[in-house]
Number of protein chains: 2
Amino acid sequence: MAGNGHPTIKTVAARAGVGRTTVSRVINGSELVSADARARVLAAIKELNYVPNSVARGLVTSRTDAVALVIPESESRLGSEPFFAALIRGVSAVLAETRTQLQLTLVRDRFEREQLAATVATRRVDGVLLVSVHAHDRLPGMLEELGLPTVLAGRRDARERLAYVDSDNAGGATAAVRHLLERGRRQVATITGALDMDVGRSRLAGWRGAHREAGVPADGNLVEAGDFTEEGGRRAMRSLLERAPHLDAVFAASDLMAVGALAELRRRNRRVPDDVAVVGFEDSVLARHTDPPLTTVRQPVEEQGRTMARILLDITRHGAERRQVTLPTELVVRESS
Amino acid sequence: MAGNGHPTIKTVAARAGVGRTTVSRVINGSELVSADARARVLAAIKELNYVPNSVARGLVTSRTDAVALVIPESESRLGSEPFFAALIRGVSAVLAETRTQLQLTLVRDRFEREQLAATVATRRVDGVLLVSVHAHDRLPGMLEELGLPTVLAGRRDARERLAYVDSDNAGGATAAVRHLLERGRRQVATITGALDMDVGRSRLAGWRGAHREAGVPADGNLVEAGDFTEEGGRRAMRSLLERAPHLDAVFAASDLMAVGALAELRRRNRRVPDDVAVVGFEDSVLARHTDPPLTTVRQPVEEQGRTMARILLDITRHGAERRQVTLPTELVVRESS
DNA sequence: CCGCCGGGTGGGAGCGCTCCCGCCGGTTGA
DNA sequence: TCAACCGGCGGGAGCGCTCCCACCCGGCGG
C-alpha cells in the first residue's frame with residue numbers, strides 16, 4: 001500500500017476529498033460535477049501527476065481506442081514503400097486528433113495473415129484497416145464474422161460489400177491511355193498489375209476503355225501481365241517488345257513497373273519518349289527521379305489514409321454505416337510521354 | 001449471463017470441468033497440469049473458439065506486450081521513407097516472434113512530441129523505440145524518468161547513456177572519403193547532415209578522419225551544412241561550387257542530398273563522375289536509380305531495427321541491461337565515383 | 001408543512017484475468 | 001506407522017476503471 005507506483009483514481013479521489021466516481025466524471029467530461037469539486041479534482045490530478053490507466057478503462061468499456069493497420073510485407077518490400085508511408089501518414093493524422101492509437105501489423109506470409117484474425121480477436125483493437133486485398137482473400141470475411149469494423153484500402157472486386165476507400169483506378173488509367181492516344185501514339189501497350197487484385201483489373205479495364213472511347217481496337221497482343229515489381233516490369237517490357245516490336249507507347253500499372261520498363265527500353269536503345277512513350281501509375285517519389293521524369297497518374301494516397309481512418313472511427317464511435325469512397329486521380333504529364 | 005458475447009476463461013473452465021486457474025495455466029504453458037486436464041481444456045478452448053482477452057491480462061500483469069515506435073513525421077516526410085520502412089520491417093520481424101504488438105506513433109510537431117510522454121504513461125506500452133533523436137531532445141530523458149525502457153535508433157551524442165543501436169557513421173564516412181582520395185580526387189568536399197544530430201556530426205568527423213589518415217589537409221572551405229533533404233543538397237552543392245569551383249568530388253551525408261547535388265551538377269553541366277565524383281550515404285532504393293547510379297555507404301537498417309527490438313525485449317522481458325550497439329557499414333561502389 | 005424532484009455525489013459490483021495460498025491425496029523416508 | 005513432502009488443482013482477492021443505483025439535500029408546489 002505504499003504510495004509508490006502510479007497514482008490511481010482512488011489516490012486522486014482521496015487527495016481531492018471526493019469519491020472515485022466524481023474523479024471519473026471529471027476525467028470523462030461529465031456535466032454533473034460542481035465547479036468546486038471539479039477544481040479540486042483537477043488540482044489533485046496535477047499534483048499527483050495522475051494519468052488514467054487506459055488498460056483498466058478498456059477492460060470495462062471494452063474499447064481500446066486503438067485500430068490496427070494491416071500491411072502484407074511481401075508487397076511493402078517491393079519498393080511500394082512510398083505508398084505505405086503516405087497511407088500511414090494520412091491514417092495517423094486523423095487518429096491523432098481523436099487520441100486513437102495505431103497498431104501496425106506487418107504480415108509476412110499467408111500463415112501469419114490467417115493467424116492475425118485470432119490476434120485481432122483478443123480485443124486489442126476496435127477496428128481494422130486492411131491494405132492490398134486480393135480478390136479471394138479470406139481475411140476480410142473473417143474479420144466481418146468477428147464483428148470487427150473493417151475498412152479496406154482498395155476493394156476486392158466491383159461487388160465489394162465492406163467499407164473501402166479506393167482511387168479511381170479505371171478513370172486514371174483511361175486518362176493515361178487517352179493522353180497517349182491523343183498524342184498520336186498508334187500502338188499503346190500495357191503492363192498490368194497483379195490480375196488477382198481489383199487494382200490490376202481496373203487499370204487494365206481503363207486501358208481498354210480509352211481504346212473503346214477513341215474507336216481504336218484494343219490489341220490483346222499489347223497486354224502483358226506484370227506483378228507491380230520493377231523486375232516484373234522489365235520482364236513484361238521484354239516480351240512486349242518481342243511480340244510487338246513496333247509499339248510506340250506503354251502504360252504500366254505502377255511507377256515501379258514503369259521504371260523496369262524504362263530500364264529495358266534503355267538496354268535496347270529505344271529512346272523515351274521519342275521511340276516509345278512511357279506512363280506509370282501512382283506518382284511516387286520515384287517518378288520525379290527517373291530519366292526522363294515519368295508521366296504518371298497521381299493517386300491521393302494520404303487522403304486515402306485519412307478517409308479510411310475517418311470512416312473507421314465513424315463506425316466504431318458513432319455506429320455509422322459502412323461507406324465506400326472512390327477518390328479521384330489526376331494525370332501528371334512529365335517528359336516520358 | 002447469456003452465453004452471448006465472447007467466451008471467458010470461466011466459460012472454458014466450466015466446459016472443461018476444471019477451475020479457472022487450470023485453464024490459465026494451460027494457456028500460459030505451465031507444467032503443473034496433468035495431461036488429462038490439459039487435453040480437456042484445449043478441447044474446450046477449441047470448441048468455444050476462445051481467445052484470451054489481452055486487455056484483462058494486461059490489467060493484472062501490468063504488461064501490455066506492446067511497444068511503441070516513435071517517428072518524427074517531419075523527417076519521414078523528407079523522403080527518407082525507405083529508411084523508416086526498412087527499420088519497421090526489422091522491428092516488426094522480431095516482435096512478431098514474441099507476439100508483441102507494434103504501436104506506431106508519428107509525431108507531427110514538438111507539442112505532440114512532448115505530449116507523447118503522457119500518452120505513453122497511460123501504460124499502453126511496455127517500452128519505446130525512438131528514432132531521429134536530436135542532441136538536445138528532451139523526450140528520451142522524460143521516458144527515462146518515467147522508467148519506461150527505451151532504445152534509440154542512433155544516439156544523441158558520443159556520451160549517450162541510454163540503450164541505442166547506431167550504424168558506424170564515422171567509419172562509413174571515412175571509407176567513402178578514403179575511396180575518393182584513393183581514386184586520386186584532390187578536392188573532396190562534403191555536404192553534411194543536420195549538425196545538431198550525432199549522425200550529422202559523425203559523418204563529418206569521418207570526412208575529417210579520412211583526410212587525416214591520408215595526410216591531406218581538410219579544407220574548411222569544402223564543408224557545407226545540409227539538412228538531409230534533397231533541396232538542402234542542391235543548395236549546398238551550389239554554394240560549394242561557388243566557393244570552390246575546382247572541387248572534383250563530394251561526399252553527401254545522405255543519398256537524398258546526393259540526389260540534390262547530382263541535379264545541381266547536371267544543371268551546371270558538370271559530368272559525373274568525370275568532372276566530379278559523388279558519394280552518398282544510406283544505400284536507399286534511390287541510389288540504384290540515379291543517373292549515374294550512386295556510390296554510397298550501405299547501412300544495415302533492417303538489422304538495426306531487429307537489434308533495437310531485441311534489446312528492448314531483453315529489457316522488458318528479462319530485465320537485461322541497456323546495451324549499446326554499433327553496426328558496421330559498407331561502401332557500395334557504383335558509377336558516380 | 002410535507003412530499004417530490006433532481007442535481008450532485010459516493011459506494012458496490014463487476015469487467016476477465018493472474019497469482020497467492022491452501023487443500024487434497026499419493027508417495028517417500030525415518 | 002506417521003510426518004513430511006510434492007504434484008495437481010481450485011477459490012478468493014484484487015488489478016484500476018466505469019456504471020448502476022442509491023443517497024442526500026435544497027427548492028418548490030400543493
Do T64(A) and D126(A) pair up side chain to side chain, a donor and an acceptor below 3.5 Å, judged on atom types alone? yes
Which residues within residues 8-15 of chain B lie with some heavy atom under 4.0 Å of an atom in DNA chain C? T8(B), I9(B)
Distances for protein N or O near nucleotides 21-25 of chain D N or O, under 3.5 Å:
none

Taking salt bridge (charged side-chain N to carboxylate O under 4.0 Å, His left out) as the cut-off, I'd like each qualifying pair that reaches into residues 10-31 of chain A, sequence neighbours left out, listed once. R15(A)-E47(A)
Check each residue of residues 47-67 of chain B for a non-hydrogen atom within less than 4.0 Å of any atom in DNA chain C, then write out the ones that pass by number, or none. Y50(B), P52(B), N53(B), A56(B), R57(B), L59(B), V60(B), T61(B)
For D314(B), give me all partners under salt bridge (charged side-chain N to carboxylate O under 4.0 Å, His left out), at least two apart in sequence or on another chain. R323(B)
If the condition is salt bridge (charged side-chain N to carboxylate O under 4.0 Å, His left out), which residues does R40(A) pass it with, not counting sequence neighbours? D36(A)
Judged by atom type as modelled, is there a donor-acceptor pair below 3.5 Å linking the side chain of Q304(A) to the main-chain atoms of V165(A)? yes
Hey, is the side chain of T21(B) pairing donor to acceptor with the base of dG11(D) inside 3.5 Å? yes
Can you see which heavy atom on L129(A) is nearest to which on V91(A), and at what distance? CD1-CG1, 3.7 Å
Below 4.5 Å, heavy atoms only, C-beta onward: do V301(A) and F84(A) meet side chain to side chain? no
Using C1' atoms of five pairs at each end, report the bend of the helix from dC1(C)-dG30(D) to dA30(C)-dT1(D) rounded to 10 degrees. 50°
Can you measure N28(B) atom CG to dC20(C) atom P for me and round it to whole angstrom units? 13 Å
Of all pairs that satisfy side chain to side chain donor-acceptor pair (under 3.5 Å), the ones with a partner from residues 137-148 of chain B, not counting sequence neighbours: R113(B)-D137(B), E114(B)-R138(B), E144(B)-R161(B), E144(B)-R322(B)
Separation of L32(B) atom CG from dC19(C) atom P, in whole Å? 13 Å
Residues forming a salt bridge (charged side-chain N to carboxylate O under 4.0 Å, His left out) with R99(A), sequence neighbours excluded: none
Report yes or no: is there a donor-acceptor pair, N or O only, under 3.5 Å between the side chain of R20(B) and the base of dG12(D)? yes
Within the modelled atom types, does a donor on one side and an acceptor on the other bring the side chain of S34(B) and the base of dG7(D) under 3.5 Å apart? no
Enumerate donor-acceptor pairs with a distance under 3.5 Å from any side-chain N or O in residues 149-157 of chain A to protein atoms, sequence neighbours excluded.
from: T150(A); atom 1: OG1; to: L148(A); atom 2: O; distance (Å): 2.8
from: R155(A); atom 1: NE; to: D198(A); atom 2: OD2; distance (Å): 2.8
from: R156(A); atom 1: NE; to: E160(A); atom 2: OE1; distance (Å): 2.9
from: R156(A); atom 1: NE; to: E160(A); atom 2: OE2; distance (Å): 3.4
from: R156(A); atom 1: NH2; to: E160(A); atom 2: OE2; distance (Å): 2.7
from: D157(A); atom 1: OD1; to: R159(A); atom 2: N; distance (Å): 2.8
from: D157(A); atom 1: OD1; to: E160(A); atom 2: N; distance (Å): 3.3

Test side-chain contact (heavy atoms from CB on, under 4.5 Å) applied to S54(A) - qualifying residues, sequence neighbours left out: T122(B), R124(B)
Sub-3.5 Å donor-acceptor pair from the side chain of T22(A) to the main-chain atoms of V18(A), do we have one? no
Under 4.0 Å from OP1 or OP2 of dG10(C): is there any side-chain N or O of T22(A) that close? yes
Going by the rule side-chain hydrogen bond (donor to acceptor under 3.5 Å, both in side chains), which residues pair with T98(A) if we only count those two or more places apart in sequence or in a different chain? T100(A)
Let me know the distance between CZ of R38(B) and C1' of dC9(D), rounded to the nearest Å. 13 Å
